[in-house]
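Let me begin by presenting the structure, written as C-alpha cells, before commenting on it.
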Amino acid sequence: MKRRFFTLHLLQMDQDSGKHQNGWTHACSQRSVEENLQEAAIGDGGSHLVEFSDAMRAVEKALRQVTESKARAQDEASEWKRKYEMERLRVASLEQERDQEREQDPEPCPSPPDSWGHGEPLDSEKADTENGDQSPVGSMNGWQPLHNNSECCKREGICSQQVLRSHSSSSGNISQVSDVMQAAEKASFRLQWGSCMDKKAARRHTHDVVSFECGDITTASRSNKQITLAWDSPPQSVFILSKPHDPTVTALCKEMIRWLKEEKGIGVYVEPLVKKELLDDSSYFGFVQSCETGDEVLHLHCKVDLVITLGGDGTVLWAANMFKGPVPPVVSFSMGSLGFMTPFQTDHYKECLQTLIKGPVYITLRHRLHCQIVRNPDKVKEGEDPCEPEIHLVLNEVSIDRGMSSFLTNLECYCDDIFVTTVQGDGLILSTPSGSTAYSLAAGGSMVHPQVPGILFTPICPHSLSFRPLILPEYVTIRVQVPQNSRGQAWVSFDGKDREQLSEGDALVCHMSAWPVPAACDKESTTDFLRSVREGLHWNLRKRQGTDGHPST
C-alpha cells in the first residue's frame, strides 16, 4: 500500500516538475524512492517483530504449562506414595493379627472350591476382598473377575473367588486349588487404562475413578480411557467358533487352524459338529479338540486363552452365550452383513492374529445383562418344589412383548424395588450399550457407545406418546412383573432366543453381570464404534447440498 501511494505521488511530482523520464530519472524522485523503500523495509521488519513476539509468548505459555504439569505429577506421585505406605502398613498389621489368631486358635486348612466354586475361599482371596478390590480394571487371569464379591457366587452361578494362581502363605504352604484349575494351562493377562504406547499414562490411570478424602470429592482426570490388554505369557490355545453351513467360512476355518498349529504352535478347540466336519475332510485335523459335555463347556474358559469368531454379529452373540461366567478375549472377523461387533477383516487375518497374540491390544469391555425369571410362588402346587430360576446372560437385549395376544402388555417396572412406571404397549426392551444399535434402536432408543455404563430402558410402541426411552445406571436392578389382574400374558426372549412365557405374577429380574465380554479392537474402541455406525447404518448419509448459484465468499 505504501509503495503504491509512493508511485502515485512520484508521478504527480514528475508532472508538476515537467521532468518525467519514465518515473525514475529525476533526482528528487530517486531520493523519495530510497526513503519510501527504507520506510517499507522498517514496516516489514515491524510485522516480523510482532510475529516473533507472538511466538515467544506461545513458547512461554507452553513452558509454563509443562512446569505446572510436572508439579501436579510430583504432587500426585507423592500422594499415591503416601497412600501406598499407609496401605502397606495396614496390610502388615492385618497379617500380624491373623498370625497371632492362628497361633492362639489353629484352624484346619480351607477346603478347595468345587467346580461350581462352593467352599472356603483362599487366604489370598480373603485378603483381596478385605482390601476392597472392586476395581473395574484389574487382573483377569482365567477365573479372576472384575470385582471380588462374596455374593457373586449366588448371583452368577460361578464363584468369583477362583483364581488361576497359587499363593504362598506366611508358613510357606501353597494354597490348594481344584483339580480342574490345576490341570488348566492358561495364559495370563492384565488390563489397564491408557494407550498401548503410553506406559507412563497407563500406570498413572490405574487409581480409583472417584476418591473422597478430607471432605473433597475428586475424579480421575484420564487423558485416555481406552482399555489395554497386555499378555503376561503368550496364548497357548484358542477356541474357533464359525458360522455354520457356509462354505466360505468353513474353508477359512480350515486354513486358520493349519496356520495356528504349524506357524504358532497353538492348540485349537472347536464345536463338536465342526470337529466332525474337519475329520470327515481330512485326518490331519485329529489334533483339534472339542467340548462334548455341558460340564466341559462350563469350564471352557479355563482351557482357552482366546476366542475367534468367524461370521457376523450373530456368531458373536452365540459365543457370548456359551460362556456363563468369565469370557476369554474375543477376536471377531467380519463374514456377515452388518458387523457392528466384528471389526476385523479376513483378508489380513494372519497379520491381525500376530498382532493380537503379541500384544498389547485395545479391547472393549462389552457388558452383559444377568437375567432370570422368578415365577409366581402362589401358583406352585402344595408339595411341589419350585424350579430353580435359569440364568441368562445376554449381550444385546432382553425383550418382553405381548406375543399373539390382541391386548396391550401391562407390565409393572421397578428399579431397585422402587416403582418406576407401568408399561402399556407392545412391550419393553432392556438393552446393553452393545445392543443399542439392535432392537432398541429400531424401537426409538439412542445409540450408545459400548463402554458407556448403563442399561437402556426402551418401550415398544407405547400407548402414551410421552413415554420416551431412558438410560439407567449400570448398578441398578430392574424388575419387570406381570400384574395379577393382567388381561393378557407376556413373552420374554433373550438375545432373540430362548423364548419363554410370563404368566400373571411372574417377574423378570435383570442387573448388569459381573462377567463382560472383552472384545479386541481393530483400531481402538471409539474408532471401531463410529466406523460401524457409519458403514453399517449409513448414519447421516445424505446427498451434499447444492449451491444457489452465488459463489461462496
Side-chain angles (χ1 to χ4, degrees), residues 1-3 37-88 135-138 189-231 343 355-356 358-365 433 447-453 520-534 539-540 552-553:
M1 178 63 70
K2 291 181 179 180
R3 292 179 181 179
L37 288 176
Q38 184 177 5
E39 182 181 356
I42 294 175
D44 293 341
S47 63
H48 290 303
L49 289 175
V50 172
E51 294 178 359
F52 181 77
S53 177
D54 293 339
M56 292 300 297
R57 281 195 291 268
V59 172
E60 180 184 2
K61 182 179 179 181
L63 291 175
R64 184 169 60 253
Q65 291 177 351
V66 169
T67 304
E68 293 173 355
S69 300
K70 183 178 179 180
R72 287 195 299 267
Q74 291 176 350
D75 294 341
E76 186 179 5
S78 301
E79 180 65 15
W80 283 106
K81 182 177 180 181
R82 183 185 66 81
K83 291 182 178 181
Y84 168 77
E85 294 295 335
M86 293 177 61
E87 184 67 15
R88 187 175 62 83
S135 175
V137 180
F189 56 85
R190 291 170 287 106
L191 298 184
Q192 56 192 11
W193 292 111
S195 170
C196 296
M197 306 303 296
D198 191 0
K199 296 183 179 180
K200 293 183 179 180
R203 289 194 298 268
R204 184 170 66 250
H205 299 322
T206 55
H207 51 78
D208 296 336
V209 176
V210 178
S211 60
F212 176 79
E213 186 175 357
C214 299
D216 297 327
I217 298 176
T218 60
T219 58
S221 57
R222 296 185 175 88
S223 61
N224 188 346
K225 298 181 181 179
Q226 175 64 56
I227 301 175
T228 303
L229 182 148
W231 297 100
T355 302
L356 292 167
K358 181 180 178 181
V361 295
Y362 290 134
I363 67 166
T364 300
L365 291 181
M447 291 184 291
V448 182
H449 191 287
Q451 288 188 180
V452 174
C521 301
D522 181 23
K523 301 299 182 182
E524 53 89 23
S525 181
T526 302
T527 302
D528 289 356
F529 172 71
L530 295 178
R531 183 186 62 184
S532 66
V533 169
R534 289 194 302 265
W539 179 60
N540 198 28
S552 58
T553 57

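All values below were derived from every heavy atom in this structure, side-chain atoms included, with hydrogens, water molecules and symmetry-related copies excluded. Remember, it's a predicted structure, so these values are computed and weren't measured experimentally.
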| remark: Residues G359 and W231: closest non-hydrogen pair is CA-CD1, 4.1 Å
| Rounded to the nearest 0.5 Å, what separation is found between the CZ atom of F529 and the CE atom of M447? | 6.0 Å
| remark: Between I227 and L365 the two heavy atoms that sit nearest each other are CD1-CD1, 3.7 Å
| request: Verify, without hydrogens or angle tests, whether W539 (side chain) and R531 (backbone) share a donor-acceptor contact under 3.5 angstrom. | output: no
| task | Could you tell me whether the side chain of Q226 and the main chain of S525 form a donor-acceptor pair under 3.5 Å? | result | yes
| Verdict with supporting geometry, I363 and T228, side-chain contact (heavy atoms from CB on, under 4.5 Å) | CA-CA 6 Å; I363 67 166; T228 303; over 6 Å; no
| query | Does D522 offer a backbone N or O that forms a donor-acceptor pair with the side chain of D528 under 3.5 Å? | reply | yes
